[in-house]
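One structure below.
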Amino acid sequence: MIWNKARECEDLEKRQHRQLADLRELCFRVYDRVPFYKRKFDEAGIKPDDIKTLEDISKIPFTTKDDMRVTYPYGLLAVDESDIREIHTSSGTTGTPVVDAYTHSDMEMWGEVMARCLCMAGGGKEDVIQNAYGYGMFTGGLGVHYGAQTIGANVIPAASGNTKRQLMLMRDFKSTILTCTPSYALFMAEVAKEMGIDFKELPLKAGVFGAEPWSDTMRQEIEDKLNLQAFDIYGLTEIIGPGVSNECSEHHGLHVNEDFFYPEIINPETGEVLPPGEKGELVFTTLSKQGTPILRYRTRDITWLWRDQCSCGRNLIKMHRLLGRNDDMLILRGVNVFPSQIENVLLRIEETQPHYLIIVDRGDSHLDEVELQVEVEESFFSDETKALEKIRKKIHDELKQELGISVKIKLVEPKSIERSMGKAKRVIDKRKL
Amino acid sequence: MKVKQISVFLENKNGRLAEVTRLLGDNAINLRAVSIADTADFGILRLVCDQPDKARDLFQENNFTARITEVIGIIVEDKPGGLAKVMTILENNEVNIEYLYSSLMNQGEKAVEIFKVDNIDKALKILAENNIQTIGKF
């Protein structure tokens, strides 16, 4: 089923016509209401009225994650504070978060795009959607929740964790669609095996998995073990949360809800816009968002875009599953982590030096396992094991506070972490993504 | 008397201990007492030798994390109850023992035990008052 045939299958010319109208309205609006954007326009020597075609978007300066941080909390707000219905922030719990403020119409739009995504995965009113994304400031949980409510399905807000209960709910309430991170899906499969639950006997038919990178091999494994059809979903807090794009049953690319989120691919070095089919950095403009509209946001995600005659009937532009990132951000259990955050924690702890190595792997549990190797310095070395255990716990706890995830700390001998002349190698990622 | 003990950080991997002992041997440093405190991931080698400062420098030059701590070498009678006598004195005077281990040296009918205590000055005073001998130099 297609949730909004009028929009998702709309004549291309008509869609582009509306995209341009929305883009122009957006430019006038932010120029008028957001000093940050007015300054950007002025510095680039452009006026909103200079945007006369969709191609003119390339005249507008990019917005970066740093821009979003320095404008925290309300520097990008384009409405009165009293018009905000809900706030979400980026998944990392680091210092300054990225803010997404939603008005009433933004909430409706979010519900609409998520409803489209769930429909692409075969969802409808008769479905029981078990939502195992985290609820809270993270957009994953509530985003899926609103979409599920929009299509009129029964939502089980299980949130992440408590896997045994999760499986019990799945069995007893006959969940038909599971939404969670792909690694958590595989973890569930392991626990189900221990509990003697056979997925073949459950009515589960589809899974909508996202918030972390995954591979085709992983998809195959999930489909085999959970006996369902796996769909890739993409989204980011800066733009809306989940619901930016989703796979349809053809499983050949993710349809971008381009009538709301205008995508571009750019050369990350030069900023030049690349034609369809060429690989580069994904950039989004929120065409109709009211609370915190974003112009040309650089996602740092690498992919490409194309348009084809999709057998599902939708003609929404497609993006390839993410191919990587052009910064050093790691996605660990769905949480965005920058090595610099780890460095900051080590600098903050008086005794430690920022000599570290992060090793990421997926063990038997299929969840990301993160080990941080820290060199033992004279400054905190002791003849007593309890003193070293204490510092290890301190690093662990501070990191958990900073990143929101638990990292295994391994103390290593000094100089065992390779020093290099240029950029030190800080991350070894053994996951096959 | 206080004795200088060297502690060395060791990862749990093959050959590390052998390397430490070779380093000492090649540089004509004589070991007097050795013990290892081990955890799942790492170990702390504690040793007493005849040239502690030289040994510490040697370890540091060879990329080991090493440090000197002060401990006491207590001479105990090498017969049943010898250690118990010392322990009782320390216990009665509320000196806490962090760890202890035996040295490789015997002095006639006596043995030398290495003690790390929470208050070394107090411990030395009490031991002297009770006529318990401690070793000054190895």
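Quick note on labels: first sequence line is chain A, next is B, and so on, each numbered from 1.
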- Note on the structure: OG1 (B:T39) and CZ (A:R392) are apart, to the nearest 0.5 Å, by 6.0 Å
- Item | Contact summary for B:I44 and A:S382, nearest pair of heavy atoms | CD1-O, 3.5 Å
- Message: Are there over 12 heavy-atom neighbours, none belonging to B:K122, within less than 6.0 Å of that residue's NZ?
- Response: yes
- Query: So which heavy atom on B:F9 is nearest to which on A:F381, and how close?
  - Reply: N-CZ, 3.3 Å
- Are more than 12 heavy atoms from other residues, nucleotides or ligands located less than 6.0 Å from atom CG of B:N14? no
- Which region of B:V71, side chain (C-beta onward) or backbone (N, CA, C, O), has a non-hydrogen atom less than 4.5 Å from a non-hydrogen atom of chain A, or is it both or neither? neither
- Task: Inspect the surroundings of NZ in A:K408 and state if more than 12 heavy atoms from other residues, nucleotides or ligands are less than 6.0 Å away.
- Result: yes
- Item | Region of B:A66 that comes under 4.5 Å of a non-hydrogen atom in chain A | backbone
- Search all heavy atoms of A:E384 against all heavy atoms of B:R46 and return the closest pair with its distance. CA-NH2, 4.0 Å
- For the atom pair NZ (B:K116) and CG (A:D383), what is the distance rounded to the nearest 0.5 Å? 3.5 Å
- Neighbour count above 12 (heavy atom, 6.0 Å) for B:E129 CD: yes
- Query: Would the number of heavy atoms belonging to other residues, nucleotides or ligands and lying under 6.0 Å from NZ of B:K54 be above 12?
  - Reply: yes
- With only heavy atoms counted, which part of B:L10 is less than 4.5 Å from chain A, the side chain, the backbone, both or neither? both
- Task: Assess whether atom NZ of B:K13 is packed by more than 12 heavy atoms of other residues, nucleotides or ligands within 6.0 Å.
- Result: yes
- Task: Identify which part of B:R67 has an atom lying under 4.5 Å from any heavy atom of chain A, answering side chain, backbone, both or neither.
- Result: both
- Message: Other residues, nucleotides and ligands only: do more than 12 of their heavy atoms fall within 6.0 Å of CE on A:M195?
- Response: yes
- Message: Closer than 3.5 angstrom, by distance alone: can the side chain of B:T65 be matched with the main-chain N or O of A:E378 as a donor-acceptor pair?
- Response: no
- Query: Ignoring hydrogens and geometry, is there a side-chain-to-backbone donor-acceptor pair from B:E11 to A:V412 under 3.5 Å?
  - Reply: no
